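As the structure is a computational prediction, the values presented were derived from the model and not from experiment.
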Amino acid sequence: MEISLTVAGDSGLTWERWSHVAALAERLGFSSLRMSDHYFYQRHRDSLDPYLAFVLLARDTRRIRFGPLVTPVTFREPVNVGRMAAQIDQLSNGRFVLGLGGGWNEEEHKAYGVNFPPVGERLNRLEEAINLMKGLWSPGPSTYKGRYYTLEEADCLPKPPEGRPTLLIGGSGEKRTLRIVAQYANEWNGISMPPKAYAHKVE
């Protein structure tokens with residue numbers, strides 16, 4: 001059994017606390033350290049941007065795997081997420097796990113002026129974002145023409161080795177999300193489910 005640690009990046013986290021948690025998680029033998037990707041949840045507190053925090057983690061640790069649990073596709077353009085993921089993957093020697101999801105917290109989107117489309121569009125954007133990023137990580141220039149995102153002969157360098165970064169998808173919807181998980185993901189994050197529901201969704 002592997003045990004991982006998840007930290008809420010919006011829960012009063014500071015750089016000093018993050019550095020302490022990272023060192024402790026590595027020393028105690030946790031298999032991975034994940035950070036939630038939220039501006040805030042329920043109330044505003046000190047928070048860290050996870051991708052800045054992951055650069056620190058890639059530099060200051062040697063063994064532990066890490067990544068967002070999970071990044072909403074609504075927060076950042078996928079080309080930016082894809083470029084950051086490739087570079088953090090390189091800096092960490094393949095320990096970075098890119099966690100993606102459709103997004104759910106409408107309150108924080110509204111507070112920060114981030115568009116929060118209906119769930120169907122968010123999942124469409126998630127699938128397009130995955131395909132765009134996989135194009136960025138593939139050899140040579142990439143062109144992608146989707147409904148929401150495009151690339152035109154974009155050659156994202158440095159590129160990660162084939163099969164990296166590891167891709168995790170969060171969510172448990174049976175109509176779309178789990179199909180996307182099965183088609184694209186290396187790992188799945190499903191939470192808040194009783195055992196019977198979990199077994200049914202896994203099947």
Side-chain angles (χ1 to χ4, degrees), residues 1-78 80-114 129 133 137 158 160-161 163-172 181 185-193 198:
M1 177 184 293
E2 294 184 356
I3 300 177
S4 299
L5 178 65
T6 300
V7 175
D10 56 305
S11 61
L13 195 62
T14 64
W15 290 114
E16 293 76 17
R17 288 175 180 169
W18 177 245
S19 295
H20 174 72
V21 167
L24 195 62
E26 175 115 322
R27 180 168 62 83
L28 293 178
F30 284 95
S31 66
S32 67
L33 174 60
R34 313 300 173 103
M35 181 190 286
S36 64
D37 191 355
H38 286 290
Y39 297 131
F40 72 94
Y41 177 62
Q42 295 182 333
R43 65 188 180 97
H44 295 267
R45 292 180 285 187
D46 287 341
S47 64
L48 299 181
D49 181 277
Y51 289 87
L52 297 177
F54 296 147
V55 171
L56 188 69
L57 197 61
R59 186 196 66 181
D60 291 350
T61 62
R62 295 292 176 267
R63 177 195 57 79
I64 200 165
R65 300 166 73 234
F66 60 90
L69 201 63
V70 295
T71 285
V73 73
T74 50
F75 276 7
R76 303 169 185 85
E77 288 293 318
N80 293 328
V81 176
R83 292 183 72 248
M84 290 190 294
Q87 293 175 29
I88 297 172
D89 174 88
Q90 182 185 53
L91 184 62
S92 67
N93 293 317
R95 292 181 291 126
F96 180 64
V97 180
L98 177 58
L100 298 173
W104 61 270
N105 189 346
E106 185 174 5
E107 183 181 9
E108 66 181 330
H109 286 75
K110 182 178 180 180
Y112 280 85
V114 178
M133 285 187 272
W137 301 333
R164 288 180 16 198
T166 300
L167 183 61
L168 175 148
I169 295 175
S172 56
V181 170
N186 305 102
E187 299 179 14
W188 169 46
N189 178 49
I191 61 171
S192 303
M193 287 185 291
Y198 180 82

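Minimum heavy-atom separation, F54 to G67: CZ-C, 3.2 Å. Residues V97 and P68 approach most closely at O-CD, 3.3 Å, considering heavy atoms.
Applying the side-chain hydrogen bond (donor to acceptor under 3.5 Å, both in side chains) criterion to Y51, with sequence neighbours excluded, gives T71. Contacts of N80 classified as side-chain contact (heavy atoms from CB on, under 4.5 Å), with partners at least two apart in sequence or in another chain: E77. Qualifying ring-ring contact (aromatic ring centres under 6.0 Å, His included) partners for H44, counting only residues two or more places apart in sequence or in other chains: F40. With sequence neighbours excluded, the residues forming a salt bridge (Lys or Arg N to Asp or Glu O under 4.0 Å) with D49 are R76, listed by chain and number. Remark: P72 pairs with D37, T74, F75 by the side-chain contact (heavy atoms from CB on, under 4.5 Å) rule, at least two apart or across chains. Checked against salt bridge (Lys or Arg N to Asp or Glu O under 4.0 Å), E107 has no partners two or more places apart in sequence or in another chain. Every residue two or more places apart in sequence or in another chain that forms a ring-ring contact (aromatic ring centres under 6.0 Å, His included) with W104 is listed here: H38, Y41. In terms of the side-chain contact (heavy atoms from CB on, under 4.5 Å) criterion, residue partners of Q87 (sequence neighbours excluded) are, by chain and number, R83, P158. Remark: F30 pairs with no residue by the ring-ring contact (aromatic ring centres under 6.0 Å, His included) rule, at least two apart or across chains. Checked against side-chain hydrogen bond (donor to acceptor under 3.5 Å, both in side chains), N186 has no partners two or more places apart in sequence or in another chain.
Proximity of L167 to L100: side-chain heavy atoms (C-beta onward) are separated by under 4.5 Å at one or more points. At least one side-chain heavy atom of Y39 sits under 4.5 Å from a side-chain heavy atom of V114.
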For a side chain to side chain contact (heavy atoms under 4.5 Å, CB included) check, start with the C-alpha distance between N93 and R62, then their side-chain angles and the critical distance, and finish with the verdict.
CA-CA 9 Å; N93 293 317; R62 295 292 176 267; over 6 Å; no
Using the side chain to side chain contact (heavy atoms under 4.5 Å, CB included) rule, take L33 and V7 through it: C-alpha gap first, then chi angles, then the decisive distance, then the call.
CA-CA 8 Å; L33 174 60; V7 175; 3.9 Å; yes
Step-by-step salt bridge (charged side-chain N to carboxylate O under 4.0 Å, His left out) determination, E187 to R34
CA-CA 13 Å; E187 299 179 14; R34 313 300 173 103; 3.6 Å; yes
Intermediate values then yes/no, side chain to side chain contact (heavy atoms under 4.5 Å, CB included), V55 and I88
CA-CA 6 Å; V55 171; I88 297 172; 4.3 Å; yes
Dump the intermediate steps for side chain to side chain contact (heavy atoms under 4.5 Å, CB included) on R45 and S11, then the final yes or no.
CA-CA 6 Å; R45 292 180 285 187; S11 61; 3.9 Å; yes
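Residue F96 holds its CZ atom at 10.0 Å from CG of L57, rounded to the nearest 0.5 Å. Expressed to the nearest 0.5 Å, how far OG of S92 lies from CZ of F66 amounts to 4.0 Å. Separation of atoms OG1 (T6) and CE (M35) is listed at 10.5 Å; rounding is to 0.5 Å. A distance of 9.0 Å separates CG in D46 from CG in L13, rounded to the nearest 0.5 Å.
Legend: salt bridge (charged side-chain N to carboxylate O under 4.0 Å, His left out) pairs involving residues 84-96, not counting sequence neighbours, sorted by first then second residue: D89-R164.
Between the side chain of W188 and the backbone N or O of L168, no donor-acceptor pair lies under 3.5 Å. Between the side chain of S36 and the backbone N or O of G9 there is at least one donor-acceptor pair closer than 3.5 Å. Judged by distance alone, the side chain of E26 and the main-chain N or O of I64 form a donor-acceptor pair under 3.5 Å.
No side-chain donor-acceptor contact under 3.5 Å links R63 and T61.
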Enumerate, atom names and distances included, each donor-acceptor pair closer than 3.5 Å involving a side-chain atom of residues 17-24, sequence neighbours excluded.
| from | atom 1 | to | atom 2 | distance (Å) |
| --- | --- | --- | --- | --- |
| R17 | NH1 | G12 | O | 2.5 |
| W18 | NE1 | A53 | O | 3.1 |
| S19 | OG | W15 | O | 3.1 |

